[in-house]
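Start at 1 and go down the list; that is how both ligands and their atoms are numbered.
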Amino acid sequence: MLKTENIHKNYGELHVLKGIDLMIKQAEVVSIVGASGAGKSTLLHILGTLDKPDEGSVWLHDTDISKLKGDKLAKYRNEHMGFVFQFHNLLPEFTAQENVMIPGLIGKKNEKELLKKSKEMFELLGISDRLTHKPAELSGGEQQRVAVARALINDPAIVFADEPSGNLDSKNAQELHQLFFKLRDELKQTFVIVTHNPELADMADRKLTIVDGRVL
Ligand SMILES: Nc1ncnc2c1ncn2[C@@H]1O[C@H](COP(=O)(O)OP(=O)(O)OP(=O)(O)O)[C@@H](O)[C@H]1O
Ligand SMILES: [Mg+2]
């Protein structure tokens with residue numbers, strides 16, 4: 001479903017990625033691990049079209065997404081990709097439900113449908129009593145669940161997560177990790193997750209280790 005060919009990335013003299021070839025299947029949870037500075041976030045950003053490779057290409061289904069630009073790229077990303085980062089990046093002045101609906105509103109989806117869909121997502125994620133809370137009124141674990149709901153609102157082909165549990169205590173981290181697998185099982189959702197958490201990395205269907213700019 002997602003495929004890369006010979007991805008290279010340099011920052012000045014620093015050759016961070018030295019030819020990455022990957023294939024990720026639907027409903028697969030793939031973890032990416034490696035030392036700090038190994039290039040995990042760089043790779044994730046390239047896979048998610050947030051950054052461009054210097055060489056090589058990234059294919060999602062039949063589209064070479066590394067060649068998309070401007071409005072076309074923004075639209076494609078909004079429709080087909082979801083993101084979860086270490087810090088939830090929820091907008092503080094909006095309620096949890098509004099935050100989840102925003103990518104759908106950007107995608108010009110029907111508001112009534114988004115209200116219904118977001119409510120269903122909150123139920124699925126076990127936070128249905130938190131719809132009208134503002135981000136500051138939520139626990140760290142709840143904030144991350146809302147961020148996951150936001151990532152899923154447009155039914156993305158793939159969700160990219162960069163240290164999603166990096167800011168959570170071990171109990172909340174475990175619950176979030178279990179959620180990823182529940183979503184894989186129930187929604188056939190595909191995830192690529194960068195993590196320093198060995199438990200999560202090992203739970204994944206496949207673990208990719210980056211060493212010296214390559215996948216081991
Ligand atoms: N925009 C940039 N400009 C210059 N150098 C960068 C840039 N982004 C990343 N780097 C460098 O590229 C290397 C890889 O960075 P990256 O963020 O991908 O590492 P990482 O594996 O995600 O590390 P961590 O586990 O600490 O998050 C690092 O040496 C970093 O300093
Ligand atoms: Mg990183």
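- Near Ala35, meaning under 4.0 Å from any of its heavy atoms, are these atoms of ligand 1: 21 (O).
- Taking the six-membered ring where the residue is Trp, Tyr76 and His80 present tilted rings, their angle falling between 30° and 60°.
- Shown in contact with Val16 at under 4.0 Å from a heavy atom are these atoms of ligand 1, numbered in order with element: 12 (O), 13 (C), 14 (C).
- Look at Gly12 and you'll find every heavy atom at least 4.0 Å from all atoms of ligand 1.
- Given atom 17 (O) of ligand 1, the protein heavy atom at minimum distance is Ser41 CB, 3.7 Å.
- Counting atoms of ligand 1 from 1 in the listed order, those under 4.0 Å from a heavy atom of Thr42 are 14 (C), 15 (O), 16 (P), 18 (O).
- Remark: Lys75 engages Glu79 in a salt bridge, criterion side-chain N to carboxylate O under 4.0 Å.
- Taking backbone and side-chain atoms together, Ser36 has no N/O/S atom less than 2.8 Å away from the Mg ion (ligand 2).
- Residue Glu163 has at least one heavy-atom neighbour below 4.0 Å for each of these atoms of ligand 1: 25 (O), 27 (O).
- Salt bridge annotation for Lys40-Asp162: absent, with no cationic side-chain nitrogen under 4.0 angstrom from a carboxylate oxygen.
- The nearest protein atom to atom 9 (C) of ligand 1, hydrogens excluded, is given as Tyr11 CE1, 3.3 Å; this is a heavy-atom distance.
- Counting protein heavy atoms under 4.0 angstrom from atom 31 (O) of ligand 1 gives zero.
- Using a cut-off of 4.0 Å between Lys/Arg side-chain N and Asp/Glu carboxylate O, Glu123 and Lys119 are scored as not salt-bridged.
- Distance from atom 26 (O) of ligand 1 to its nearest protein heavy atom, with residue and atom name: Ser36 OG, 2.5 Å.
- By the 4.0 Å heavy-atom criterion, His45 is excluded from the residues contacting ligand 1.
- The closest approach between any non-hydrogen atom of Gly39 and ligand 1 is below 4.0 Å.
- In summary, Arg206 and Glu28 engage in a salt bridge, as defined by a charged side-chain N under 4.0 Å from a carboxylate O.
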